[in-house]
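Naming: A, B, ... by sequence-line order, numbering from 1 per chain. Note that the structure is a prediction, hence the values are computed from the model and not measured.
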Amino acid sequence: MPEKTLIEAIREAIDEEMARDPRVFVVGEDVGPRGGVFRATMGLWQKYGEWRVIDSPLAELSIVAIGIGAALNGFRPICEIQFADFIHPAFNQIVNEAARFFYRSGGVYNVPMVIRAPYGGGISGGLYHSQSVEAFFAHVPGLKVVIPSNPYDAKGLLKAAIRDPNPVLFFEPKKGYRLIKGEVPDGDYIVPIGPAKVTREGSDLTVFAYGMMHYYALQAAEMVAKEGIDVEVVDLRTLAPVDKATILNSVKKTGKALIVYEDNLTLGYGAEVAAILAEEGFEYLDGPVMRLAGPDVPGVPFSPPMQDFFMPSPQKIAEAIRRLARY
Amino acid sequence: MPEKTLIEAIREAIDEEMARDPRVFVVGEDVGPRGGVFRATMGLWQKYGEWRVIDSPLAELSIVAIGIGAALNGFRPICEIQFADFIHPAFNQIVNEAARFFYRSGGVYNVPMVIRAPYGGGISGGLYHSQSVEAFFAHVPGLKVVIPSNPYDAKGLLKAAIRDPNPVLFFEPKKGYRLIKGEVPDGDYIVPIGPAKVTREGSDLTVFAYGMMHYYALQAAEMVAKEGIDVEVVDLRTLAPVDKATILNSVKKTGKALIVYEDNLTLGYGAEVAAILAEEGFEYLDGPVMRLAGPDVPGVPFSPPMQDFFMPSPQKIAEAIRRLARY
Amino acid sequence: AGRREGGPRISPVVAKMAAEYGIDLSKVPGTGEGGRVTKKDLLAYIERMKLQPAGVPAAPQEAELPPWEQPGTGELFRPTEEVLRAAPAPAAPP
Amino acid sequence: MAVEVKEFLPITQRHEDLGLSDETVLRMYYHLLLSRRLDERCWVLQRQGRVPFHISGIAHEGIGVGAAYALRKGFDIVHPYYRDLALSIALGMKPVEFMLALYGKKGDPHSAARQMPSHFSLRHLNIIAGSSPVATQLPQAAGIALAEVLKQKLRPQLEAAGFRVSREMRVVLTSTGEGSTSEGDFHEALNWAGIYKLPLIVLVHNNQYAISVPVWKQMAVKRVADRAAAYGIHGAVCDGGNVLEVYQVVKEAVDRARAGEGTTLIEAVTYRWTPHSSDDDDRTYRTREEVEQGKLRDPLPRLRDYLYRRSLLTQRLEDELEERVRAEVDEAQRQAEEAPYPAPEEALAPVFATEDRSGWWGE
Amino acid sequence: MAVEVKEFLPITQRHEDLGLSDETVLRMYYHLLLSRRLDERCWVLQRQGRVPFHISGIAHEGIGVGAAYALRKGFDIVHPYYRDLALSIALGMKPVEFMLALYGKKGDPHSAARQMPSHFSLRHLNIIAGSSPVATQLPQAAGIALAEVLKQKLRPQLEAAGFRVSREMRVVLTSTGEGSTSEGDFHEALNWAGIYKLPLIVLVHNNQYAISVPVWKQMAVKRVADRAAAYGIHGAVCDGGNVLEVYQVVKEAVDRARAGEGTTLIEAVTYRWTPHSSDDDDRTYRTREEVEQGKLRDPLPRLRDYLYRRSLLTQRLEDELEERVRAEVDEAQRQAEEAPYPAPEEALAPVFATEDRSGWWGE
Ligand SMILES: Cc1ncc(C[n+]2csc(CCOP(=O)(O)OP(=O)(O)O)c2C)c(N)n1
Ligand SMILES: Cc1ncc(C[n+]2csc(CCOP(=O)(O)OP(=O)(O)O)c2C)c(N)n1
Ligand SMILES: [Mg+2]
Ligand SMILES: [Mg+2]
Ligand SMILES: [Mg+2]
């Protein structure tokens with residue numbers, strides 16, 4: 001099977017779905033001739049033309065609203081938000097409109113759309129090109145939130161998202177766009193939205209992570225394996241709706257949980273995982289539910305030393321694993 | 001001491017601060033001659049004139065942005081968002097701008113502003129006049145989030161918020177505007193932003209709540225007291241920055257925690273309280289950390305039976321207390 | 001002329017107008033010396049008050065106005081249990 | 001004083017010059033009357049405390065009926081706002097469908113009793129679920145219109161994949177209040193509309209107020225329609241109380257849109273003489289005199305006067321229509337009051353769709 | 001082809017007619033030259049891999065310098081965007097202050113090395129911390145301007161409470177790109193500006209592109225300034241490469257604002273011949289020929305040509321200026337490279353202010 005990068009897998013998913021279904025189209029800033037600032041849509045404008053890859057005016061509210069309207073009228077829009085840091089102007093259209101449309105119309109008007117955005121730090125992006133925003137949207141019933149950690153899942157989950165009759169937010173760890181490689185079959189396959197995945201079996205403790213942090217969690221697991229700590233790693237993949245069963249089953253086995261995410265600690269996504277364990281997994285717990293996340297400061301600072309201080313890393317994850325294992 | 005309603009206490013706080021400091025002004029939809037749709041600013045336009053109580057165009061983004069600019073230029077704006085359900089168009093200006101201004105200017109430009117909004121359900125408001133939005137903003141470092149549960153705190157906390165050099169979001173439980181009465185001293189006093197408050201001493205378990213739910217939690221505590229369950233009730237008051245010490249100290253004593261909030265369960269504010277207890281309070285826990293919150297549906301439905309199904313109530317809280325006490 | 005509890009002077013014209021309109025001068029913001037209420041301040045205040053302040057009981061002739069022209073209570077979104085309790089059992093249509 | 005109108009404005013247009021038959025213009029009157037009487041009953045029910053809330057379309061019926069008749073019913077698509085009771089009635093909404101939502105009863109076709117009333121949503125009439133956050137529907141309507149352009153541009157691929165594309169574009173009409181044009185959504189919708197020449201009509205009901213805020217505090221320009229030039233789209237102003245004039249202006253915009261010549265921003269001027277909603281105490285922001293002036297714009301007596309002048313209406317026919325409308329409103333109220341409330345657990349679903357039923361294909 | 005310019009456009013205005021002394025117009029040239037050479041050095045450092053990122057003000061210097069000189073330095077307030085290197089230099093920013101941010105070093109006065117470079121923020125020069133989300137600064141600048149109006153309206157109460165209010169209003173200038181005018185923030189800012197006649201200038205740098213998106217895909221109108229009429233404010237277009245013309249138009253707007261006659265929307269037309277930023281590959285969206293055409297708008301040679309024609313510049317003086325500027329840029333680079341990085345834990349503070357230092361009072 002051919003090896004591809006995360007960005008190649010994402011481009012391939014969009015290309016295949018556009019070829020398969022003429023209702024699928026891309027709308028966003030610089031997605032046309034430019035091919036997207038991260039080249040996620042490179043070549044698609046040339047291949048499918050200006051009416052299927054549409055350069056939008058510079059305004060995120062209407063990129064989403066145009067997507068909602070096109071979805072209501074039978075199309076399958078893929079709205080690209082250039083950076084997750086610039087999704088906030090579209091917050092009203094996503095949270096108050098796309099998410100609630102089906103419920104508020106008594107189950108009549110569904111909104112089949114995907115909103116894609118690169119997220120995450122460690123790329124000298126500073127406060128406004130490093131943000132993680134998944135927690136805002138995972139809090140909103142009516143939205144599905146998906147974050148791939150590897151090329152195989154990225155292609156399969158994005159194809160599933162494009163075919164889903166509901167609004168799906170698909171956040172891609174941009175630090176991994178070229179860094180993360182993996183085997184990706186040519187041609188059609190789906191990774192279903194919903195289930196998390198145990199990516200490394202283990203017995204001493206469970207590390208829950210997603211996106212770039214899952215990539216680092218696997219590295220940390222290997223580092224501590226040499227010291228005799230057997231870590232189970234779970235890739236959450238779909239953050240909303242949350243896959244409680246996989247979370248609870250893993251901690252039932254290991255008794256200990258470490259949740260890793262790069263968003264700010266307070267009310268970051270890991271808070272919900274911890275709260276689920278504290279209530280429904282209480283009787284499995286053999287140690288405190290630990291979280292390793294970004295500090296509660298208003299953004300990832302630009303200057304390298306401060307950026308590194310902010311960002312979780314394989315080494316920091318390994319250190320947290322050792323502390324939890326010792327408990 | 002005179003008894004006042006929640007809305008009267010809020011109006012009094014604004015009036016006193018406007019009288020005390022000419023830099024304080026109100027901006028929002030219908031705040032002028034109309035006195036605000038809930039009468040929070042009734043009579044202030046008549047008393048202070050059109051340049052201190054400004055009817056804004058119907059646009060929340062610029063109500064907040066105008067507030068940010070006026071705050072940067074030495075004033076103390078009180079921005080009214082007519083309903084918390086309509087704060088989303090201002091999400092970019094609040095989260096990406098107001099919250100990050102001080103940090104991103106290296107501690108040079110502080111933004112002394114208050115954003116006030118009525119929130120919460122149980123008033124036949126349906127999906128778009130019943131929302132709780134505190135969790136979105138409590139997740140954002142750089143914002144203070146305050147929710148009063150009684151008239152005394154409402155006046156003291158709002159005066160503190162208006163004098164605070166940082167952006168403060170002040171959400172008021174509209175169901176309690178006339179329903180919740182209490183003793184409120186005339187004249188100046190402050191309730192400091194930050195500390196939570198133990199409003200009922202108890203030993204068997206702790207109920208954490210805020211706003212309307214704290215009002216109900218006290219009622220539930222009295223209901224179960226007759227059955228011999230001695231409940232400690234903690235009014236969180238300031239949701240961000242979170243008062244960890246009070247939360248941990250209470251559970252250290254009682255060993256059990258029930259967190260009540262009317263926002264959607266998943267990643268609602270209670271998730272962070274539970275996560276703190278699961279990590280730093282692990283060794284105090286004598287039972288699962290329980291949450292009683294709104295179900296994960298896209299809004300409080302309008303029709304009374306469905307609204308009641310959604311909303312936590314004193315009876316539902318009492319039932320949850322009994323279940324936790326039995327554990 | 002008089003003073004407002006040791007406050008700045010109240011000019012004769014301001015005192016006379018305030019009496020005529022029955023206005024409590026403590027409610028009027030003064031922009032004169034030391035916060036003195038000037039004639040201009042009082043006129044501006046009266047102009048602003050021209051519109052009936054909220055909470056003034058319905059004027060008698062409003063009784064004949066059809067419901068869709070009668071002013072509402074101004075009390076928005078009362079607790080459902082208060083609204084429903086207020087609603088009589090559904091009677092036959094009028 | 002917000003309203004320049006001094007005295008009762010007669011309708012000067014002749015319906016036949018606009019291609020309307022006698023029968024059609026009488027039906028317009030019937031729909032206008034039905035909307036008004038239904039609306040009035042809701043105020044009575046709210047004042048009696050039988051329903052918690054009502055937000056009214058009174059003063060806006062001329063705009064709604066005029067616009068509805070200019071559309072191709074069952075083909076064009078409407079993304080309305082909460083003042084569009086008359087538009088929905090004229091498109092085919094039954095009074096009981098409105099009353100079920102007013103009471104929050106089971107069977108409410110708009111939102112299954114989840115939304116507050118006046119949030120029109122009827123798929124079989126191509127009415128898209130209106131929201132509460134104002135102006136959000138405007139860029140969404142632009143998206144619906146963009147899809148119509150895409151259907152024509154991508155016809156070969158779509159039909160090859162089995163999707164039937166209608167010969168002509170469906171026209172999308174979306175409406176909003178003048179206050180809501182201050183939202184960023186309005187700007188972004190019109191910008192898209194201008195760039196892509198969308199088959200769209202943005203119908204602004206200028207009723208002089210946004211709750212208590214008069215137009216001069218909402219915008220510095222005299223006419224909302226003046227803003228069309230900023231987006232490279234057509235602009236037009238019409239007297240919202242003159243149902244024939246509204247019909248004429250909207251019809252021109254519909255034909256322009258259908259022909260691919262782009263979007264029209266229409267400002268229909270009226271005056272809201274009712275309080276903003278059942279809760280609003282409007283004495284705090286306007287005087288009784290101003291309200292009386294505003295009522296001179298009322299579309300109902302103006303159309304009635306026109307029909308009498310054109311001897312299309314007689315006292316007998318008028319009474320018959322009043323009686324027929326009263327019976328329909330009574331029946332709607334009875335059914336709504338007898339209908340059960342939804343079961344509590346119905347609050348839980350549907351959150352996610354399991355299948356896709358979006359879109360309008362074929363004729 | 002986005003640019004109609006065919007050949008080198010000489011500056012036709014005479015600086016003395018605009019009230020500018022010989023000494024001032026030469027200083028304008030010095031600031032324009034310093035901004036350009038500093039900018040060019042940053043591209044070199046980025047290509048050498050010494051700094052991760054640079055977003056350039058090249059092609060925008062005429063607009064920045066022209067605008068800066070029209071303001072009352074140390075009194076008026078500026079809320080800039082990331083192309084305003086020349087504006088900041090002309091207002092008094094030192095090259096080392098820019099370089100420290102470029103390298104993310106301790107001592108960066110703009111954001112203490114938290115923001116990416118080109119986010120100008122210098123309180124002592126009344127430059128407000130520019131953001132990254134485009135157009136957010138526009139309604140904020142309207143708020144700063146509203147505060148100036150409030151100071152005048154509330155002078156008695158403010159002075160009674162010990163706040164000194166300047167005799168005249170400070171004028172607020174905020175700048176943005178033409179692409180960013182598509183954001184709702186632009187609409188809402190101009191709407192406030194029109195209603196309250198704010199002492200505000202919204203300076204739109206129209207460089208024909210928003211990264212890869214040409215103007216015709218961004219808006220359906222020819223000129224951004226045409227949108228002024230939609231908000232009841234003044235509109236003006238000027239040749240962004242002609243520093244004297246920019247000065248003239250901005251000066252009129254400053255005087256208008258100071259006199260309480262409200263806001264001006266100025267569109268300064270230029271062409272960005274550099275890639276959007278150091279990461280952008282512009283070959284994907286335009287041709288080399290088009291870029292060469294664009295360079296004919298370059299403000300630097302056009303002002304130099306003017307100064308030679310007016311015999312204010314000689315080859316010797318030009319060389320001296322080049323040498324002086326080169327030395328300043330070298331020194332700035334040296335200091336920035338020698339400066340230490342912030343300590344890692346500095347990432348943690350300051351999140352909340354403990355005291356209020358906001359506002360500009362007195363003269
Ligand atoms: C985003 C948002 N902000 C505030 C409100 C509350 N609100 C409901 S209607 C209204 C006034 C609307 O005025 P206008 O647009 O002129 O419509 P009209 O009711 O006058 O027809 C307001 C402020 C809302 N629904 N949405
Ligand atoms: C809200 C937002 N969306 C997207 C971006 C990414 N972005 C940065 S600059 C830019 C293009 C801006 O074009 P324009 O406004 O014309 O300014 P120019 O760079 O051409 O001077 C984009 C899309 C951003 N910074 N903010
Ligand atoms: Mg959250
Ligand atoms: Mg209106
Ligand atoms: Mg540009």
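- Put simply, of E/Thr181, E/Val134, E/Val351, the one with the most heavy-atom pairs under 4.5 Å next to chain A is E/Val351.
- For the residue pair A/Asn264/A/Thr266, the side-chain donor-acceptor check at 3.5 Å is not satisfied.
- In this structure, no portion of A/His88 lies under 4.5 Å from any heavy atom of chain E.
- Sorted by first and then second residue, the side-chain hydrogen bond (donor to acceptor under 3.5 Å, both in side chains) pairs involving residues 32-43 of chain A (not counting sequence neighbours) are A/Arg34-E/Asp280.
- Side-chain polar atoms of E/Asp185 and E/Thr136 form no donor-acceptor pair below 3.5 angstrom.
- Within the 4.5 angstrom heavy-atom criterion, atoms from both the backbone and the side chain of E/Asp281 approach chain A.
- Heavy-atom pairs under 4.5 Å with chain A peak, among E/Gly104, E/Gly184, E/Ala347, E/Ala349, at E/Ala347.
- Of the N and O atoms on the side chains of E/Arg272 and E/Gln208, not one donor lies less than 3.5 Å from an acceptor on the other residue.
- Considering only heavy-atom pairs separated by less than 4.5 Å from chain A, the leading option among E/Met116, E/Lys105, E/Met219 is E/Met116.
- Each of E/Ala112, E/Ser131, E/Ala113 has some count of heavy-atom pairs under 4.5 Å with chain A, and the biggest count is that of E/Ala113.
- Contact count versus chain A (heavy atoms, under 4.5 Å) is highest, among E/Pro344, E/Pro117, E/Ser180, E/Ser182, for E/Pro344.
- With a threshold of 4.5 angstrom between heavy atoms, E/Leu100 does not approach chain A through any atom at all.
- Of all residues in residues 48-61 of chain A, those placing a non-hydrogen atom less than 4.5 angstrom from a non-hydrogen atom of chain E are A/Asp55, A/Ser56, A/Pro57, A/Leu58, A/Ala59, A/Glu60.
- Interface residue A/Val300: only backbone heavy atoms are found under 4.5 Å from chain E.
- For A/Asp30, the parts lying under 4.5 angstrom from a heavy atom of chain E are both the backbone and the side chain.
- Note on ring orientation: taking the six-membered ring where Trp is involved, the planes of E/Tyr82 and E/His276 are perpendicular (angle over 60°, cut-offs 30° and 60°).
- Aromatic rings from E/Tyr285 and E/Tyr209 are positioned such that their centres are separated by under 6.0 Å.
- With 3.5 Å as the limit, one finds a donor-acceptor pair spanning the side chains of E/Tyr271 and E/Glu290.
- Looking at A/Gln82, the atoms closer than 4.5 Å to chain E (heavy atoms on both sides) all sit in the side chain, from C-beta outward.
- Between chain E and the residues A/Phe310, A/Tyr128, A/Phe83, the largest count of heavy-atom pairs under 4.5 Å involves A/Tyr128.
- Inspection of the E/His60 and E/His205 side chains reveals an N or O donor paired with an N or O acceptor under 3.5 Å.
- Within the 4.5 angstrom heavy-atom criterion, atoms from both the backbone and the side chain of E/Val213 approach chain A.
- Using a 4.0 Å cut-off between a side-chain N of Lys or Arg and a carboxylate O of Asp or Glu, E/Glu337 and E/Arg50 qualify as a salt bridge.
- A parallel orientation is assigned to the rings of E/Phe120 and E/Phe98, their planes being inclined by less than 30° (bins at 30° and 60°).
- Geometric assessment of E/Lys106 against the ring of E/Tyr341 yields a negative cation-pi assignment under the 6.0 Å and 45° thresholds.
- Ion pair A/Glu319/A/Lys316 not flagged as a salt bridge, since none of the NZ, NE, NH1 or NH2 atoms sits closer than 4.0 Å to an Asp/Glu carboxylate oxygen.
- The part of E/Ala343 that comes within reach of chain A is its backbone (N, CA, C, O), which places non-hydrogen atoms under 4.5 angstrom from that chain.
- Checked by atom type, the side-chain pair A/Glu172/A/Tyr177 shows a donor-acceptor distance below 3.5 Å.
- Both the backbone and the side chain of E/Pro133 come within contact range of chain A, judged by heavy atoms closer than 4.5 Å.
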